[in-house]
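Structure first, commentary second.
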Number of protein chains: 2
Amino acid sequence: MAHTDFAPHNHARCIATALAAAEAACDAQGLHLTPVRRRVLEILLTGHRALGAYDILERLGAEGRPAQPPVAYRALDFLVRHGFAHRVEQLNAYVACTRPGECDTPAFMVCRTCRAVAETAAPDQAMAPQARAAGFAIEARVVEAVGLCPGCQAAT
Amino acid sequence: MAHTDFAPHNHARCIATALAAAEAACDAQGLHLTPVRRRVLEILLTGHRALGAYDILERLGAEGRPAQPPVAYRALDFLVRHGFAHRVEQLNAYVACTRPGECDTPAFMVCRTCRAVAETAAPDQAMAPQARAAGFAIEARVVEAVGLCPGCQAAT
DNA sequence: GGGAGTGTGTAACGATATAACATACGGCCA
DNA sequence: TGGCCGTATGTTATATCGTTACACACTCCC
């Protein structure tokens, strides 16, 4: 990660690389990045912000493609299952992945006022000892910090 | 923690100590553990399982105290704010705290089939370096592992 | 050219959560 | 003692998030 997602950066390149990565991955794995799925990914990529499924529906509607909830949820499900986007549990919302290919265990910093989200890597073996002791088989982890992003700290 | 919450244990004592701890804490801090709040805590304490707000409403109704959603959400809000219960973000559900007084940064192991939840401590400074680098001010953290509890592993 | 698999369109509904306003009740003090 | 305030609860309505179920379209492949 050359920058944090909160800092100013060349966002157009951000979008371009993420889309290219998604295309390449789909190509390589025989997945279909259909128009709807691609458009939803682009919408998520417009900012490092968590968007709800209904936000996405609204934008699809605004650009003349009205759609019902299952359309958004299916596209999001595809993107999340294949690692192109992530769900932010705290917000019941979604963000585009900014580390395509290396995000098996993502962690997020979530601004509670503006919903900006920065992605980073979760400490790799966190909770492994406790899980072993409890006989619990970990399949996935949710690691999210809530707080204030630099911009919102400055604004207060 | 003498046992993990998944293992068989004297659950009656579990309930009794949690209630006593809540009472003591309320006493000490001038908080009111009113009948509704106490009853909701007791309901959460009946098992180491996550319950949704509407599950709680159902149980209140079943015991002749029908209530509307805000009643459950207000009680849960009280319990969560004061550390007597926690919200499991993945499930949009709630569990009683099993480590009253020492759970500033709880972490959970959540069974995806039976919703059993075991509480443990989150690794203390996880994400601190990344947050510092990003200029992000962490206020709270959500750390949840999804997987299979010992019982559900055995059942498959 | 017919069937299987996959993806999309749409209506209806279910689950989770909050807003807004009314009522009850104890403590305080003029 | 009566009025006021703060806190908690009751109740109606509504907002937000997510799924079920079923119809249709398209592609691939034999």
Side-chain angles (χ1 to χ4, degrees), chain A residues 22-23 26-27 29-44 49-61 63-82 84-95 110 112 115 142 144, chain B residues 22-23 26-27 29-44 49-61 63-82 84-95 110 112 115 142 144:
Chain A
E23 267 162 15
C26 285
D27 236 43
Q29 301 173 241
L31 304 171
H32 302 324
L33 190 63
T34 61
V36 193
R37 291 168 177 175
R38 187 191 167 93
R39 192 68 202 101
V40 171
L41 179 55
E42 286 171 358
I43 289 170
L44 286 178
R49 247 169 198 62
L51 295 179
Y54 281 68
D55 293 331
I56 287 168
L57 286 170
E58 216 172 89
R59 303 209 189 186
L60 287 174
E63 55 192 50
R65 265 186 214 242
Q68 299 298 316
V71 171
Y73 283 105
R74 287 192 287 232
L76 288 168
D77 182 59
F78 172 87
L79 295 172
V80 168
R81 263 187 307 125
H82 297 103
F84 307 135
H86 305 290
R87 178 177 163 84
V88 180
E89 296 290 346
Q90 285 184 75
L91 299 175
N92 298 336
Y94 304 82
V95 271
V110 181
R112 75 174 148 76
R115 287 166 71 110
V142 175
E144 301 174 3
Chain B
E23 266 163 13
C26 287
D27 235 44
Q29 302 173 242
L31 304 171
H32 301 324
L33 190 63
T34 62
V36 193
R37 291 170 177 174
R38 187 192 168 94
R39 191 68 202 104
V40 171
L41 179 54
E42 286 170 359
I43 289 171
L44 287 177
R49 248 168 196 64
L51 294 179
Y54 283 72
D55 294 331
I56 288 167
L57 286 170
E58 218 172 88
R59 304 210 188 184
L60 288 174
E63 56 192 51
R65 262 187 216 241
Q68 298 300 316
V71 170
Y73 283 105
R74 287 192 287 233
L76 288 168
D77 182 62
F78 172 87
L79 295 172
V80 168
R81 263 186 308 123
H82 297 103
F84 307 136
H86 304 290
R87 179 178 162 85
V88 180
E89 296 290 347
Q90 286 185 76
L91 300 175
N92 297 336
Y94 304 82
V95 272
V110 180
R112 74 174 149 76
R115 286 168 72 110
V142 174
E144 300 174 4

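Quick note on labels: first sequence line is chain A, next is B, and so on, each numbered from 1. Reckoned from all heavy atoms, side chains included, excluding hydrogens, waters and symmetry mates.
For the pair I56(A) CD1 and dT16(D) C1', the computed distance is 15 Å after rounding to whole Å. Nucleotide dA8(D) holds its C1' atom 6 Å from the CZ atom of R37(B), rounded to whole Å. In this structure, CG of L57(A) is placed 13 Å from P of dT19(D), rounded to the nearest angstrom. Spacing between atom CG of L76(B) and atom P of dA8(D) amounts to 15 Å, rounded to whole angstrom units. A straight line from CZ of F78(A) to P of dG7(C) spans 7 Å, rounded to a whole angstrom. Whole-Å rounding puts the R65(B) CZ to dT9(D) C1' distance at 12 Å. Protein atom NE2 of H32(B) is 11 Å distant from nucleotide atom C1' of dC25(C), rounded to whole Å. Atom CG of D77(A) and atom P of dT6(C) are 14 Å apart (whole Å).
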Footprint string (nucleotides 25-30 of chain D, 5' to 3'): B base within contact, S backbone only, - free, heavy atoms under 4.0 Å = ------
Please write out each protein N/O paired with an N/O of nucleotides 9-18 of chain C under 3.5 Å, distance rounded to 0.1 Å.
residue: dG9(C); atom: N7; partner: R74(A); partner atom: NH2; Å: 2.7
residue: dG9(C); atom: O6; partner: R74(A); partner atom: NH1; Å: 3.2
residue: dA17(C); atom: OP1; partner: R87(B); partner atom: NH1; Å: 2.8
residue: dA17(C); atom: OP1; partner: R87(B); partner atom: NH2; Å: 2.7
residue: dA17(C); atom: OP2; partner: Y73(B); partner atom: OH; Å: 3.1
residue: dA17(C); atom: O5'; partner: Y73(B); partner atom: OH; Å: 3.4
residue: dA17(C); atom: N7; partner: Y54(B); partner atom: OH; Å: 2.7
residue: dA17(C); atom: N6; partner: Y54(B); partner atom: OH; Å: 3.2

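For N92(A), the side chain to side chain contact (heavy atoms under 4.5 Å, CB included) partners two or more places apart in sequence, or in a different chain, are R87(A), N92(B). Looking at residues two or more places apart in sequence or on another chain, you find no side chain to side chain donor-acceptor pair (under 3.5 Å) involving R37(B). Checked against side chain to side chain donor-acceptor pair (under 3.5 Å), Q29(B) has no partners two or more places apart in sequence or in another chain. Taking the salt bridge (Lys or Arg N to Asp or Glu O under 4.0 Å) definition, one finds that R112(B) meets it with E139(A), sequence neighbours left out. A search for side chain to side chain donor-acceptor pair (under 3.5 Å) contacts involving R38(B) returns E23(B), E42(B), not counting sequence neighbours. Partners of R59(A) under the side chain to side chain donor-acceptor pair (under 3.5 Å) rule, at least two apart in sequence or in another chain, do not exist in this structure. By the ring pair (Phe, Tyr, Trp, His ring centres under 6.0 Å) test, Y73(A) is found to be paired with no residue, residues two or more places apart in sequence or in another chain being considered.
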task = Take E89(B) and Q90(A) through the side chain to side chain donor-acceptor pair (under 3.5 Å) test and state the conclusion after the steps.
result = CA-CA 6 Å; E89(B) 296 290 347; Q90(A) 285 184 75; over 6 Å; no
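The backbone N or O of G52(A) lies less than 3.5 Å from a partner atom in the side chain of D55(A), making a donor-acceptor pair.
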